[in-house]
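All ligand and atom numbering here is 1-based and tracks the order in the structure.
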Amino acid sequence: MSKLTHIGNKKLSPETQMMHYGYNPMLSEGAVKCPQFQTSTFVFESAQQGKDLFNYASGRVPLPDDLEPGLIYSRFNNPVLEILEGRIAVWDEAEDCMVTNCGMSALSSTLMALSQPGDVVIYSEPIYGGTDTLLNAILPKMNIQSVGFIAQDGIEGLEAAVAKARDLGTVSVILLETPDNPTNHLIDIAACRKVAETLTNAAGERTKIVVDNTMGGPVFQTPLRHGADVCLYSLTKYIGGHSDLVGGSCSGNKALITQIRGFRNIFGTNMDPQTAWLLLRSLETLKIRMEAESRSAAQVARFLNRHPKVTQVHYAGFLEEGSQQHALYKKQCQGCSSTFSFEIAGGEPEAFQVLDATRICQLAVSLGGTETLIQHPASMTHSSVLAERRAQIGITDSLIRISVGLEDPEDIIADLEQALSLI
Ligand SMILES: *Cc1c(COP(=O)(O)O)cnc(C)c1O
């Protein structure tokens with residue numbers, strides 16, 4: 001494998017690494033691009049090698065430092081997947097990474113690997129709808145409870161959740177989504193890590209910080225740098241970036257990712273090689289896509305902010321200088337996600353009028369694709385959250401979420417202008 005990280009003293013940037021890291025053309029007939037390895041299984045050189053690889057894969061024998069894990073079967077590994085994992089780890093500044101067949105399996109493998117019956121997971125709100133269902137309907141069946149805290153309440157909110165969680169059991173994980181979706185509040189990862197250091201789980205280990213970095217990462221936020229133990233993604237969103245695949249990943253130190261990978265391999269939620277191959281292509285343009293979308297989003301947000309029918313724009317680029325959130329943004333983020341939300345004058349009927357009228361912005365959930373998508377969180381992505389809780393976390397009936405894509409921002413603005421003129 002070619003794992004070039006420096007030229008002389010110059011450390012290569014992640015965007016450079018996306019073109020070569022982990023791939024040696026000479027092992028594939030000189031092909032510049034990694035070919036597809038559409039195979040379910042791999043031939044062993046000898047029976048002894050087969051035995052050794054199984055011993056390493058199961059953890060019965062530790063993998064010697066100078067050896068690669070070795071290919072066995074595509075539910076465990078595959079060359080394309082390994083290259084993809086290496087490249088995501090470069091972005092996340094992680095020792096190791098594992099990919100999964102979707103973001104939800106990255107979340108479920110992580111939470112189950114890091115928790116035992118009797119543990120409690122603390123999570124920030126708003127949180128992705130599927131994660132909410134996992135925490136509140138699925139994990140309780142395994143006697144893993146959960147306690148939420150509102151992102152806007154900050155560390156005091158987390159501390160109150162810890163006090164509540166202690167009545168239920170020991171805290172295995174603090175799960176954060178920052179910036180939150182769709183209202184773009186930031187949570188201080190380093191401050192949450194300090195709280196985690198005072199806690200232990202049922203097995204007596206330190207409580208882990210897991211960050212769902214789907215909204216801003218990996219270009220605009222590197223959670224492991226700020227004290228997270230695991231950084232995970234729905235690769236379906238910005239990293240895949242073309243709304244044509246579903247995938248997930250988890251990055252962290254080797255010991256933790258090995259533990260989580262064990263769950264993935266037996267639950268059977270590994271990614272397929274075709275999706276991994278598409279993601280290698282996506283990673284080559286990740287930085288330019290995210291930066292261009294972010295620039296356009298800033299322009300769209302400024303337009304919305306001036307519009308008389310728009311009452312509020314929830315966009316990290318508008319944080320007030322001198323405020324705590326702005327200081328946190330400067331410390332923790334290198335840019336703004338192109339997904340944000342805004343409130344219009346009126347309620348659900350007016351929001352629906354706007355959503356039904358846009359012609360460039362397509363009415364669909366998901367985010368981070370090349371095309372601009374628009375949706376209504378209260379009745380769509382966050383409809384499973386109880387109405388009372390929705391009000392507390394700022395998901396009102398007049399709130400619209402937009403994920404700005406790669407169209408000319410002037411066209412997106414023209415489209416929103418004609419749609420808003422109807423209300
Ligand atoms: C989409 C999403 C998920 C779930 O990912 P899938 O790929 O749909 O399984 C999890 N977290 C966030 C923040 C998401 O946006």
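Here the OG1-CD distance, from Thr372 to Glu407, works out to 3.5 Å after rounding to the nearest 0.5 Å.
Between Tyr315 and Phe318, the ring planes are perpendicular. Angles over 60° get that label, and only those under 30° would be called parallel.
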>> side chain to side chain contact (heavy atoms under 4.5 Å, CB included) for Leu12 and Gln17? Distances and angles first, verdict last.
In response: CA-CA 7 Å; Leu12 300 174; Gln17 310 262 55; 3.8 Å; yes

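Checking Glu95 against Asn253 by side-chain atom types alone, no donor-acceptor pair falls below 3.5 Å. Side-chain N/O atoms of Tyr238 and Ser338 include a donor and acceptor closer than 3.5 Å. Between the side chains of Tyr123 and Asp212, no donor-acceptor pair of N or O atoms lies under 3.5 Å.
Among protein residues, Cys102, Gly103, Met104, Leu107, Tyr128, Glu177, Asp212, Thr214, Ser234, Thr236, Lys237, Val246, Gly247 come within 4.0 Å of ligand 1, judged on heavy atoms.
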